[in-house]
K.L.:
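Attaching a single structure in structure tokens format; questions to follow.
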Amino acid sequence: MRYTDKENISGADALLASLINQGVETVFGYPGGSITPVYDRLQDYPELHHLLTRHEQGAVHAAQGYARVSNQTGVCMATSGPGATNLLTGIADAMLDSTPVVCIAAQVPAAALGTDFFQEADMINMTIPITKWNYQITRFDEIVPTIAKAFYVARAGRPGPVYIEITKNALVERGDYHWKPCTGIRSYNAVPSVEPQAAADAVEMINAAERPLIIVGNGVKISGAEAEVLQLAEAGNIPIASTLMGLSSIPSDHPLYIGMVGMHGNVAGNRMTQEADLLIAVGMRFSDRVTGDLKSYAPKARVIHIEIDPVEINKNVRTDLPIVADAREAVQAILSAGTITRKPRPEWLAEAARYAKIELDKVINRQLHPNREELTMGETVATVAALSKGEAVIVTDVGQHQMMAARYSTYKHSRSLITSGGLGTMGYGLPAAIGAKVALNECPSTADRDVVVFLGDGGFQMTMQELGTMIHWGISVKVVVLNNSFLGMVRQWQQLFMEKRYNATELVNPDFVKIAEAYDIPARRVTRRFELQEAVQTMLDHKGPYFLEVIVGREDNVFPMVPGGASLDDLLYSE
């Protein structure tokens, strides 16, 4: 149902009708004093499915997970004051990872602004640096155009978060409703067009290269450029690597795919970056976790940088050919601008195989076939990947388990790895997994796909109350806690670079299985290797939510590793 014209309705009604007109099906939220007019009217809009989370941070992370899987805009709601401030971490996370979310919060009455009224917080000033746009609504007649603009801004160009707050008086004021969508903003060129000469120059540079490498980022998934990037790679016989955020845009088993780049990336991806004579960077921002020491990054390569946000061009890495455009449109333009020469590149592709063999011998075999009794994070992830056949959506929290999940998961479909990249937010994983599963459930063709979330014992405890959201709404997320009783990533740095001074990283944990069972979620703990495969299969076969705790080695580390600030050439393979 869509709402066009309605007479004499409240601001709360105008807000809810506008969300429905924007195509919103699901809202994650938590009520409170100032936003009660909205929740009072919510029951009269059955088109909107509101999921009560257990914390506002859970609501915004769930909206992020929803947006990342669906490639639509996620929506969350909160009340004023602490409700709104609890959204801040998720908003900042969404900004750095280009995730479109519209965060709506109530505010105290307009007449009380600036008086330190109960549950008043100056969220507009707090959110200026972490949003694409924010706005405070103080009158009924601002609601419809502001909500329409918010959804346009969140999705247009490089996506990101928008924060909208509505004073309580505006929510109870009455007026006539007239819906009008926002289709553009004067002077805001959200999607720059591809310059034909730039596309032609790209063809010339690609055809001249002997050792080209494509690096895909999150922008490939956002723009839907997966097929075009593969067409380009196959046309030129060009190997493809991925950033952490770009993972799953290229199927793991594609013969040209050589793995992940960056601090804990694959050997082939990092070494070949340093040896390439041409980098074709598509929808990625050359973050420090990808490049390492900028002075020594890709020293032999010319760079084609395809990026929709002009701010990212030449920000970190010097670009020889910038193409400021949507990734899909840019690659399409390159493919149409001339014939891509297919070169056999036997030596270049053999380098990928040689580096993969080095990594297998020095890292992967030690992780997947360890000569010790302790279970490893990598073998747990690899078991899930094998038994799920690469069909699951993998969600992670942040830490060692995140890198292990990224490295040892396999992906058949795009938008199948959901993780916090730029901000590195512990506590992200569980609520994001809930949002991801809700998004899958809304589409009949994906409703049967599993969502498996890998968590560390530290990050799990930051948002574990969202187990309550899972059982409340019957959301079938498979939760895997890799428990080493440490804040593992910080402990790894302390071990390698701080002489094992393990300060403030060892954890005394509760019984996680009992906690899951208290939420009426089937749960199991695995401590021995022979149990692992059967336990994972039981988890995947279960029709509802499931909790699996795997006790892993306390000093199980993630390798390869590029130390912070070091060159990609300075890979560590072990302690």
Side-chain angles (χ1 to χ4, degrees), residues 28 30 51-55 57-59 61-62 65 375 377 379-381 383-384 387-388 392-402 404-405 418-419 425-438 440-441 449-488 507-529 531-554:
F28 303 91
Y30 204 97
L51 273 75
L52 173 66
T53 58
R54 296 305 181 264
H55 192 282
Q57 185 176 347
H61 289 330
L375 285 163
M377 290 178 276
E379 66 181 314
T380 305
V381 172
T383 300
V384 172
L387 294 179
S388 64
V393 171
I394 303 300
V395 185
T396 84
D397 209 78
V398 169
Q400 287 180 312
H401 71 277
Q402 175 190 31
M404 291 293 193
I418 310 301
T419 194
T425 304
M426 292 178 67
Y428 172 93
L430 182 58
I434 290 169
K437 184 57 179 171
V438 170
L440 292 176
N441 288 345
R449 289 187 68 191
D450 282 323
V451 171
V452 180
V453 56
F454 290 102
L455 308 170
D457 46 310
F460 172 54
Q461 292 180 85
M462 290 190 172
T463 52
M464 66 182 181
Q465 72 278 353
E466 298 307 327
L467 293 175
T469 305
M470 287 170 54
I471 63 164
H472 187 161
W473 304 104
I475 301 168
S476 300
V477 172
K478 315 302 184 185
V479 180
V480 181
V481 171
L482 301 176
N483 185 355
N484 58 11
S485 295
F486 269 108
L487 299 177
L507 298 175
V508 177
N509 291 320
D511 188 326
F512 293 134
V513 168
K514 286 183 179 178
I515 289 173
E517 289 174 342
Y519 281 98
D520 202 25
I521 296 173
R524 179 172 176 179
R525 178 181 296 112
V526 172
T527 61
R528 294 171 293 183
R529 185 162 286 110
E531 301 175 287
L532 181 61
Q533 181 160 327
E534 184 270 331
V536 170
Q537 190 64 65
T538 298
M539 176 185 72
L540 294 174
D541 289 342
H542 186 72
K543 297 303 181 184
Y546 196 93
F547 183 93
L548 181 65
E549 179 186 17
V550 181
I551 307 300
V552 298
R554 287 168 63 83

K.L.:
How close do M539 and L548 get, counting heavy atoms only, and between which atoms?
P.N.:
SD-CB, 4.0 Å

K.L.:
Could you give me the CA-CA distance, side-chain angles and deciding distance for F28 and T469, then say whether side-chain contact (heavy atoms from CB on, under 4.5 Å) is met?
P.N.:
CA-CA 10 Å; F28 303 91; T469 305; over 6 Å; no

K.L.:
What distance separates Q461 CD from M426 CE, expressed to the nearest 0.5 Å?
P.N.:
9.0 Å

K.L.:
Decide side-chain contact (heavy atoms from CB on, under 4.5 Å) for T538 and R524; before the verdict, give the C-alpha distance in whole Å, the side-chain angles of both, and the deciding distance to 0.1 Å.
P.N.:
CA-CA 10 Å; T538 298; R524 179 172 176 179; 4.3 Å; yes

K.L.:
Tell me, which pairs form a salt bridge (Lys or Arg N to Asp or Glu O under 4.0 Å) where one or both residues lie in residues 454-483, sequence neighbours left out?
P.N.:
none

K.L.:
Of the non-hydrogen atoms in P431 and G58, which two are nearest, and what is the gap between them?
P.N.:
CB-O, 3.4 Å

K.L.:
Atom CZ in R529, atom OG1 in T380: separation rounded to 0.5 Å?
P.N.:
9.0 Å

K.L.:
Above 12 or not: heavy atoms from other molecules or residues under 6.0 Å from CD of E534?
P.N.:
yes

K.L.:
Work out which heavy atom in I521 is nearest to a heavy atom in L467; give both atom names and the distance.
P.N.:
CD1-CD2, 3.9 Å

K.L.:
Output every pair passing salt bridge (Lys or Arg N to Asp or Glu O under 4.0 Å) with a member in residues 536-550, not counting sequence neighbours, ordered by first then second residue.
P.N.:
R525-E549

K.L.:
How far apart are the C-alpha atoms of V395 and V477, what are their side-chain angles, what is the distance that settles it, and do they pass the side-chain contact (heavy atoms from CB on, under 4.5 Å) test?
P.N.:
CA-CA 10 Å; V395 185; V477 172; over 6 Å; no

K.L.:
Answer whether the closest heavy-atom distance between the side chains of W473 and V438 falls below 4.5 Å.
P.N.:
no

K.L.:
Mind checking whether K437 and N441 have side chains closer than 4.5 Å, heavy atoms only?
P.N.:
yes

K.L.:
Can you name the nearest heavy-atom pair linking A405 to V381, along with the distance?
P.N.:
CA-CG1, 3.8 Å

K.L.:
Could you tell me which non-hydrogen atom of G544 sits nearest to which non-hydrogen atom of S476, and how far apart they are?
P.N.:
CA-OG, 3.4 Å

K.L.:
So does V452 get a backbone contact from the side chain of D450, meaning a donor-acceptor N/O pair under 3.5 Å?
P.N.:
no

K.L.:
Any side-chain heavy atom of S485 sitting closer than 4.5 Å to one from N509?
P.N.:
yes

K.L.:
For the pair F512 and F460, name the ring-plane relationship: parallel under 30°, tilted 30 to 60°, perpendicular over 60°.
P.N.:
perpendicular

K.L.:
In Å, rounded to the nearest 0.5 Å, how long is the span from CG of L540 to OH of Y546?
P.N.:
10.0 Å

K.L.:
Taking all heavy atoms of V479 and all of M470, pick out the closest pair and write down the distance.
P.N.:
CG2-CE, 4.1 Å

K.L.:
For D511, I'd like to know if atom CG has over 12 heavy atoms of other residues, nucleotides or ligands within 6.0 Å.
P.N.:
yes

K.L.:
Could you check whether any side-chain N or O of R54 sits under 3.5 Å from a backbone N or O of L52, counting only pairs where one atom can act as donor and the other as acceptor?
P.N.:
yes

K.L.:
Side-chain contact test, heavy atoms from C-beta onward, threshold under 4.5 Å: evaluate it for L51 versus I475 and give yes or no.
P.N.:
yes

K.L.:
Got a second to check how far T383's OG1 is from L532's CG, nearest 0.5 Å?
P.N.:
4.0 Å

K.L.:
Distance from T419 atom OG1 to Q402 atom CD, nearest 0.5 Å?
P.N.:
3.5 Å

K.L.:
Between atom CD of Q465 and atom CD of Q57, what is the distance when rounded to the nearest 0.5 Å?
P.N.:
8.0 Å

K.L.:
Could you go through the side-chain contact (heavy atoms from CB on, under 4.5 Å) check for N484 and Q400 one step at a time?
P.N.:
CA-CA 10 Å; N484 58 11; Q400 287 180 312; 3.3 Å; yes

K.L.:
Compare all side-chain heavy atoms of T425 with those of M462 and state whether any distance is below 4.5 angstrom.
P.N.:
no

K.L.:
Mark yes or no for whether D397, through its side chain, and Y428, through its backbone, hold a donor-acceptor pair below 3.5 Å.
P.N.:
yes

K.L.:
Could you check whether any side-chain heavy atom of H55 comes within less than 4.5 Å of a side-chain heavy atom of T463, counting everything from C-beta outward?
P.N.:
no

